[in-house]
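Data block below; observations after.
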Amino acid sequence: MSVPGSAIQLVPADQWRSTCEGLVDEGGRFLALYAVRENEDVAVRAAFDGPQGPTLISCTTESGVAESIVPVIPAAGWDEREAHDAYGVDFEGHRPLRALLAHPDDLSEWVVPVHGHDPYQVAVGPIHAGVIESGHFRFRVVGESILHVDLRLFYKHRGLERAAEGRPLSTGIAFAQRACAACAVSNSVAYAQAVESLQGYRPSPRLARVRTLLLELERLYNHLNDIGAACAGIGFAPGNMAFSALKERVHRLNQALSGHRFLFETIAVSRSPATIDRAAAAEARAEVETIAEDARRAWREVLFNASVQDRFLGVGRLSLDDALRLGTVGPAARASGLRRDARSDAPGLEYPGFEPASLRHSDGDVAARVNLRALEVDATVALLHELLARPAVPLAEPSAEAALEIAPGRAGIGVVESPRGETVCVLEAAEGLLTRMHLRTGSYANWPSLAHAAAGNLLPDFPLINKSFELCYSCSDR
Amino acid sequence: MFVLLRELQRLRRQIGLRPPGRSGSLAVRHVDAGSCNGCEHELGACFGPHYDAGRFGLSVAASPRHADALLVSGTVTTRMASPLRTAYESMPEPRWVIALGDCALGLTFLGDETELAGPVETLLPVDVFIPGCPPQPEAIAKGLLEAMDQSRGAKLGRRRLHL
């Protein structure tokens, strides 16, 4: 690699859509779309993943207007709505361009109109009845069935991306980490990888190993939490409590290993602040084994409980075609039969010979999503077993001086498989300071799929469908 | 299911939670006003099998109308300021406000100024502060019990009303 980072390739405005389409036709996958201010103009950028690694293309809008890529890449729907609300970009061909980040009072500006005999609305949130993050759902219902649901998130929008601008590359990581506690490691690693790609720093095998270990610890407690949450979604308290207890044990393990229950501040750019010694690793390894054993026993009780499965099967179905079209990622995508996991191609991390989990019956329903997580818990336990057995003592790495010269017109892209799916971080910098940070998390990618999967189901099943995706609001709102 | 119940019973014996040694109750309504979800996870754990805050008479109410205390997490975003006020105004009096976590306390102020309305204290009168990022389940339970003690004091006429 001669020049670090990915070149920002300029595309004429009238060829924006055709270029994006061409990249997808060549086997590229849409990663993210965002807007950025350039002098007096606003530019739109889109990142794609391909056989040759990530590609970033850009077009300068003509007085704020750009071609929409939604007709060819529906997965970019939310990205364009956000770019419109935050940067005023009008996307030609994306009509109606409904408000997403903005919260207009007028309902017609952000919900899909529903006509017909006797449909009514159910408004839920932003404050929910349980201990849940804030967000608003507007259901259009006939009888008990959901015709359509519009999601109004971004109640927790803290402007983290904007606040990160102008910060040094090494400290901007705090904004990625604090976007979400449950995905703190994933988001921070995506950020760190983006900076390192920009600086031309290649993580050493030892650094790769520590990060992989921390990512898998994060996945373990999240997946256990999510299986418990699905049980809570149908009021199956014993299952919820059993998995909450297992999750708590992983939090305590995290505390013992890293000093923080959510592994905060264990990831830094081009170094590892986490120190894990051999004795602690050996103890953790034994504890992971007992947690795994108890998890398997508890899981059997959930899997072979007819009344539980009766509620899980066939509910909230997301077909493979829809998952492909909507750009679904993570466990939700794999439960619909999409064999895609960012861990199978993860330079800078240690996943030798990784194979994405797949079910025998990828039905894309609640049962499939929960089953898939149980499978992934086993895979994660196997990975941890290996990672904790050879903790390349000490697991900390002295700070490495990376090249600080950043070539102009380049960006860094980091891609990490979070517990909720592929998380992408794109960074642009000038003179060592961040000029634009964009974080597109697995949750952000999957919210539209959740809304799609909910349609046609019973309204009382929505909490269950929601929990089977178990998306973070804070990760999306930023 | 019986295996799960038996395991939970075994776990409870193992943990050996002490009897609460106190009486009283406090119904809490939680509002996430812009947190990173860490406080929500820990609040959930606080009511989970390892801590079981329920044995102290603590509970999470589904509606502010049924709550004694409002538990607020996160630096209040501009978009959550109004729903937060509505929740507070819906509560019966006397009412208590608890700020949960460093963001709610104003100790961390991560984000763009224009999107943040400020720490909880700038919007509502806060009675109990629970620091931590996120506060651990024990700390949350202690904070909630402090609010419960305050609410007892109020019954004896020692408490001001926030109108």
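Below, chain A is the first sequence line, B the second, and so on; all start at residue 1. Here the structure is a predicted model, which means the values were calculated and not measured.
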message: Assess the residue pair B/L4 and A/F236 against the criterion (side-chain contact (heavy atoms from CB on, under 4.5 Å)); give the C-alpha distance rounded to whole Å, side-chain angles, the decisive distance to 0.1 Å, and a yes or no.
response: CA-CA 11 Å; B/L4 292 175; A/F236 184 58; 3.9 Å; yes
query: What distance do B/C36 atom SG and A/F264 atom CZ have between them, rounded to the nearest 0.5 Å?
result: 4.5 Å
- prompt: If you count heavy-atom pairs under 4.5 Å with chain B, which of A/C180, A/C183, A/A242 comes out on top?
  reply: A/C180
Region of B/C39 in contact with chain A, defined by heavy-atom distances below 4.5 Å: neither
query: At a heavy-atom separation under 4.5 Å, does A/P126 approach chain B through its side chain, its backbone, both, or neither?
result: side chain
field: Contact summary for B/G111 and A/F175, nearest pair of heavy atoms
entry: N-CE2, 4.2 Å
- request: Find the one option among B/G34, B/G38, B/G74, B/A33 whose heavy-atom pairs under 4.5 Å with chain A are most numerous.
  value: B/G34
- request: Give, as side chain, backbone, both or neither, the part of B/L116 having an atom under 4.5 angstrom from any heavy atom of chain A.
  value: side chain
Record all donor-acceptor atom pairs with a distance under 3.5 Å between chain B and chain A; write none if the list is empty.
residue : atom : partner : partner atom : Å
B/M1    : N    : A/E301  : OE1          : 2.9
B/E7    : OE1  : A/R297  : NH2          : 3.4
B/E7    : OE2  : A/R297  : NE           : 3.2
B/R29   : NH1  : A/H128  : O            : 2.6
B/R29   : NH2  : A/H128  : O            : 3.4
B/R29   : NH2  : A/A129  : O            : 2.7
B/R29   : NH2  : A/G130  : O            : 3.0
B/D32   : O    : A/S134  : OG           : 2.6
B/D32   : OD1  : A/K156  : NZ           : 3.3
B/D32   : OD2  : A/S134  : N            : 3.4
B/D32   : OD2  : A/K156  : NZ           : 2.3
B/S35   : O    : A/K156  : NZ           : 2.9
B/C36   : O    : A/A181  : N            : 2.8
B/C36   : O    : A/S474  : OG           : 3.4
B/N37   : ND2  : A/E133  : OE2          : 3.0
B/H41   : ND1  : A/K247  : NZ           : 2.8
B/E42   : OE1  : A/R261  : NH2          : 2.9
B/E42   : OE2  : A/R261  : NE           : 2.5
B/E42   : OE2  : A/R261  : NH2          : 3.3
B/Y51   : OH   : A/E248  : OE2          : 2.5
B/Y51   : OH   : A/R252  : NH2          : 3.1
B/T77   : OG1  : A/Y155  : O            : 2.7
B/R79   : NH1  : A/L101  : O            : 2.5
B/R79   : NH1  : A/F154  : O            : 3.2
B/R79   : NH2  : A/L101  : O            : 3.1
B/D112  : N    : A/R158  : O            : 2.8
B/D112  : OD2  : A/R162  : NH1          : 3.1
B/T114  : OG1  : A/R162  : NH1          : 3.4
B/E115  : OE2  : A/R162  : NH2          : 2.9
B/C133  : O    : A/H260  : NE2          : 3.0
B/Q136  : NE2  : A/Q255  : OE1          : 3.1

message: Please classify the contact between B/P137 and chain A as side chain, backbone, both or neither, with a heavy-atom cut-off of under 4.5 Å.
response: side chain
- prompt: What part of B/V60 gets closer than 4.5 Å to chain A, counting heavy atoms only: side chain, backbone, both or neither?
  reply: side chain
